[in-house]
Amino acid sequence: MLQKFKRVKRYYKNIYVITSSIACGKSTFLNIAKENEIFCISADEISSKVFCYKWKQIRKKLNISNSYFKFLKEKKRAVANVIFNDKTAKKKLEKIMHSKIKKEILKKIKQNKNKIIFVEIPLFFENSNYNFLLNKIVIYCPYELSLTRLMNRNNLTEFEAKLRLNSQLHIDKKIKFASYLIKNDGNLEDFKDNSLKLIQKLKEKHGIS
């Protein structure tokens, strides 16, 4: 068992999970990383692709009666309105989505295994699908700040935003498991500076100039 753990740790030593709560700055961090030549994998982007080609199955499983939505955003909002009020429906959606997302993430890791890789996994701490990834970068901003950002970004009521935030592990608990912590509780320039410092630190660690 110990030997297997060491092999897994060695194989994934250059892979870093990027996680946080909703509206804490994961996407901004990934964009900064891409600009600095870090290979990034976004579970959200993969999820959107899976969501599109599985839409008919999802709509049927969740009993979403209105079949006509012009935009992906409308479809996602219809699904969100169901799953954030119904845990059984949420599990049905996860059963459709999770294995396919994981398969695609592992494929991309394998294809780029000699690089530093950032893998954005919003629900990393909420499930055990990726426990083999040991390096965790947590983006932090206080709950009330992420609530305000989410309401403004997605045009949600406070009730709707809280439903989404409270469906995840609280950010104050997530940071206890962080290998690296980046604060995003100030302005954008400070967040960029903090992000660049960590990226440079990891490049030096892995011998990349």
Side-chain angles (χ1 to χ4, degrees), residues 1-54 72 94 97-141 146 168-169 171 174-186 188-209:
M1 182 67 80
L2 181 60
Q3 290 303 318
K4 183 181 178 182
F5 174 76
K6 286 181 177 178
R7 282 199 303 274
V8 170
K9 186 177 180 181
R10 196 161 50 241
Y11 185 83
Y12 292 108
K13 65 181 180 183
N14 55 322
I15 317 298
Y16 294 84
V17 172
I18 311 301
T19 193
S20 67
S21 190
I22 306 171
C24 284
K26 294 185 296 296
S27 298
T28 302
F29 178 77
L30 281 193
N31 287 335
I32 295 168
K34 288 175 187 173
E35 289 169 2
N36 286 273
E37 301 177 339
I38 299 291
F39 184 77
C40 297
I41 301 170
S42 169
D44 272 349
E45 289 178 7
I46 296 170
S47 173
S48 290
K49 291 177 183 174
V50 174
F51 185 92
C52 286
Y53 77 77
K54 286 290 182 182
L72 175 62
E94 290 171 352
M97 301 282 292
H98 278 186
S99 62
K100 293 168 182 62
I101 295 169
K102 183 178 180 180
K103 184 179 178 182
E104 188 63 23
I105 287 174
L106 292 178
K107 180 181 170 185
K108 287 178 179 290
I109 288 175
K110 188 176 181 182
Q111 290 170 341
N112 298 277
K113 64 181 180 181
N114 294 323
K115 303 175 181 175
I116 296 176
I117 301 176
F118 287 174
V119 188
E120 179 212 16
I121 305 176
L123 299 178
F124 176 78
F125 292 116
E126 284 77 0
N127 63 66
S128 57
N129 289 335
Y130 302 94
N131 281 354
F132 53 90
L133 298 177
L134 302 176
N135 303 314
K136 292 145 298 196
I137 298 173
V138 177
I139 314 294
Y140 171 79
C141 79
S146 63
Q168 299 187 6
L169 189 67
I171 188 64
K174 292 188 181 189
I175 62 176
K176 294 178 181 176
F177 303 106
S179 310
Y180 302 93
L181 181 68
I182 300 180
K183 291 187 176 181
N184 184 20
D185 54 356
L188 181 58
E189 288 306 312
D190 288 342
F191 182 48
K192 282 183 178 177
D193 286 344
N194 293 336
S195 300
L196 288 172
K197 284 176 185 173
L198 177 59
I199 290 168
Q200 186 57 38
K201 181 178 178 180
L202 295 180
K203 281 185 173 181
E204 290 172 3
K205 177 181 176 182
H206 293 282
I208 297 172
S209 58

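Atom set for the values below is all heavy atoms of this structure, side chains included, hydrogens, waters and symmetry mates excluded. Fair warning: this is a prediction, and the values are worked out from it, not measured in the lab.
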Crowding at [atom1], [X] (>12 non-hydrogen neighbours, <6.0 Å):
X      : atom1 : value
Phe177 : CZ    : no
Lys34  : NZ    : yes
Lys183 : NZ    : no
Lys192 : NZ    : no
Lys113 : NZ    : no

Please walk me through it: do Arg7 and Gln3 pass side chain to side chain contact (heavy atoms under 4.5 Å, CB included)? CA-CA 6 Å; Arg7 282 199 303 274; Gln3 290 303 318; 4.1 Å; yes
Are [X] and [Y] side-chain neighbours, meaning at least one heavy-atom pair lies under 4.5 Å?
X      : Y      : value
Tyr16  : Leu198 : no
Leu72  : Ser48  : yes
Ile41  : Asn112 : no
Lys100 : Glu104 : no
Val17  : Tyr130 : no
Ile121 : Leu133 : yes
Leu202 : Phe118 : yes
Ile32  : Ile38  : no

So does [Y] get a backbone contact from the side chain of [X], meaning a donor-acceptor N/O pair under 3.5 Å?
X      : Y      : value
Asn184 : Cys141 : no
Lys203 : Asn36  : yes
Asn14  : Ile117 : no
Lys26  : Ser21  : yes
Thr19  : Pro122 : yes

Going by side chain to side chain donor-acceptor pair (under 3.5 Å), name the residues that satisfy it together with Lys54, two or more places apart in sequence or in a different chain. Gln57
What verdict does the side chain to side chain contact (heavy atoms under 4.5 Å, CB included) test give for Phe191 and Ile139, after you've listed the backbone C-alpha separation in whole Å, the side-chain angles of each residue and the deciding distance to 0.1 Å? CA-CA 10 Å; Phe191 182 48; Ile139 314 294; 3.9 Å; yes
Where do Asp185 and Asp190 land on the side chain to side chain contact (heavy atoms under 4.5 Å, CB included) test, with the steps shown first? CA-CA 9 Å; Asp185 54 356; Asp190 288 342; over 6 Å; no
Can you tell whether the side chains of Lys174 and Glu126 come within less than 4.0 Å, N to carboxylate O? yes
Suppose we screen for side-chain contact (heavy atoms from CB on, under 4.5 Å). Which residues come up paired with Ser47, at least two apart in sequence or across chains? Met97, Ile101
